[in-house]
Amino acid sequence: QVQLAESGGGSVQSGGSLRLSCAASGFSINFYCMGWFRQAPGKEREAVVNIPKYGSIQYSESVKGRFTIARDIARNTLSLQMNSLKPEDTAIYYCAASPRTCSMTPALFTYWGQGTQVTVSS
């Protein structure tokens, strides 16, 4: 049974940092495209970053240079280091997995975690 569980969310001031983790079970993240998405109140879910099985990591323009994704194969865990946080980064952050296409499109991801709240105050 595939499961994803996010942790590490919280409240920080603008300019602060947070590190999100996503613990995967039931599959190996090494063989899936993994991604982080976020959804702010009243807005559609959007891609933050994805990391394919092979190839280049894709970051959204809004987080490029501030966020870093990493995959820990030994722990079967995905992380997202978020630095220089801005109020507009406030959202629920979701971890997702796709066994096929690696994309910035949420609909193409099969498995999702429950999400973790990130709140950035000015």
Side-chain angles (χ1 to χ4, degrees):
Q1 181 180 359
V2 172
Q3 288 188 323
L4 297 169
E6 302 94 338
S7 62
S11 297
V12 295
Q13 290 190 328
S14 183
S17 298
L18 282 174
R19 183 180 180 86
L20 305 183
S21 291
C22 172
S25 58
F27 73 105
S28 172
I29 64 171
N30 196 32
F31 299 110
Y32 280 61
C33 171
M34 301 298 298
W36 286 99
F37 295 79
R38 67 187 181 186
Q39 188 165 16
K43 295 188 177 181
E44 292 187 354
R45 192 169 297 188
E46 64 174 1
V48 174
V49 57
N50 71 50
I51 181 168
K53 291 180 286 187
Y54 309 106
S56 301
I57 296 171
Q58 288 184 279
Y59 289 94
S60 71
E61 287 298 321
S62 62
V63 307
K64 197 173 290 185
R66 300 187 298 122
F67 290 13
T68 303
I69 191 172
R71 191 163 44 193
D72 186 334
I73 304 304
R75 291 185 169 86
N76 212 32
T77 298
L78 187 73
S79 65
L80 182 67
Q81 178 66 42
M82 305 186 295
N83 299 326
S84 302
L85 282 161
K86 305 174 181 180
E88 51 263 44
D89 294 318
T90 295
I92 298 175
Y93 283 70
Y94 298 91
C95 171
S98 170
R100 298 176 294 276
T101 303
C102 208
S103 165
M104 300 296 268
T105 304
L108 296 181
F109 281 74
T110 306
Y111 305 109
W112 291 84
Q114 292 299 307
T116 185
Q117 177 71 48
V118 171
T119 303
V120 185
S121 58
S122 57

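Just so it is clear, the values below take in all heavy atoms, side chains as well, and ignore hydrogens, waters and symmetry mates.
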Quick check: does any side chain N or O of [X] sit under 3.5 Å from a backbone N or O of [Y], one acting as donor and the other as acceptor?
X    : Y    : value
Y59  : R66  : no
E6   : C95  : yes
S103 : T105 : yes
D72  : T77  : no

Can you list, pair by pair, the side-chain donor-acceptor contacts under 3.5 Å of residues 14-22, counting residues two or more places apart and other chains?
unit_1, atom_1, unit_2, atom_2, d
S17, OG, N83, OD1, 2.9
R19, NH1, Q81, OE1, 3.3
R19, NH2, S79, OG, 3.3

Would you compute the distance between atom [atom1] of [X] and atom [atom2] of [Y] and round it to the nearest 0.5 angstrom?
X   : Y    : atom1 : atom2 : result
K86 : S122 : NZ    : OG    : 13.5 Å
S25 : Q1   : OG    : CD    : 7.5 Å
R71 : Y32  : CZ    : OH    : 13.0 Å
F37 : S60  : CZ    : OG    : 10.5 Å
T68 : L80  : OG1   : CG    : 8.0 Å

Is there a path of hydrophobic side-chain contacts, each under 4.5 Å between heavy atoms of I/L/V/M/F/W/Y residues, joining V2 to L78?
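Yes, L78 and V2 fall within the same hydrophobic cluster.
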Which side-chain N or O atoms in residues 107-114 pair as donor and acceptor under 3.5 Å with protein atoms at least two apart or in another chain?
unit_1, atom_1, unit_2, atom_2, d
W112, NE1, F109, O, 3.2

Provide the closest heavy-atom pair for [X] versus [Y] in the form atom of the first, atom of the second, distance.
X   : Y    : value
V48 : M104 : O-CE, 4.2 Å
I92 : Q117 : CG1-OE1, 3.3 Å
A40 : T90  : CB-O, 3.6 Å
Y93 : A91  : CD1-O, 3.4 Å

For the residue pair [X] and [Y], establish whether any side-chain heavy-atom pair is separated by less than 4.5 Å.
X   : Y   : answer
N76 : S28 : yes
W36 : I51 : no
R38 : D89 : yes

For E88, check side-chain hydrogen bond (donor to acceptor under 3.5 Å, both in side chains) against everything at least two apart and list the hits.
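With neighbours one apart ignored, the set is empty.
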Should F67 and I69 be marked as a side-chain contact (heavy atoms from CB on, under 4.5 Å) after you check the CA-CA gap, both sets of side-chain angles, and the distance that decides it?
CA-CA 7 Å; F67 290 13; I69 191 172; over 6 Å; no
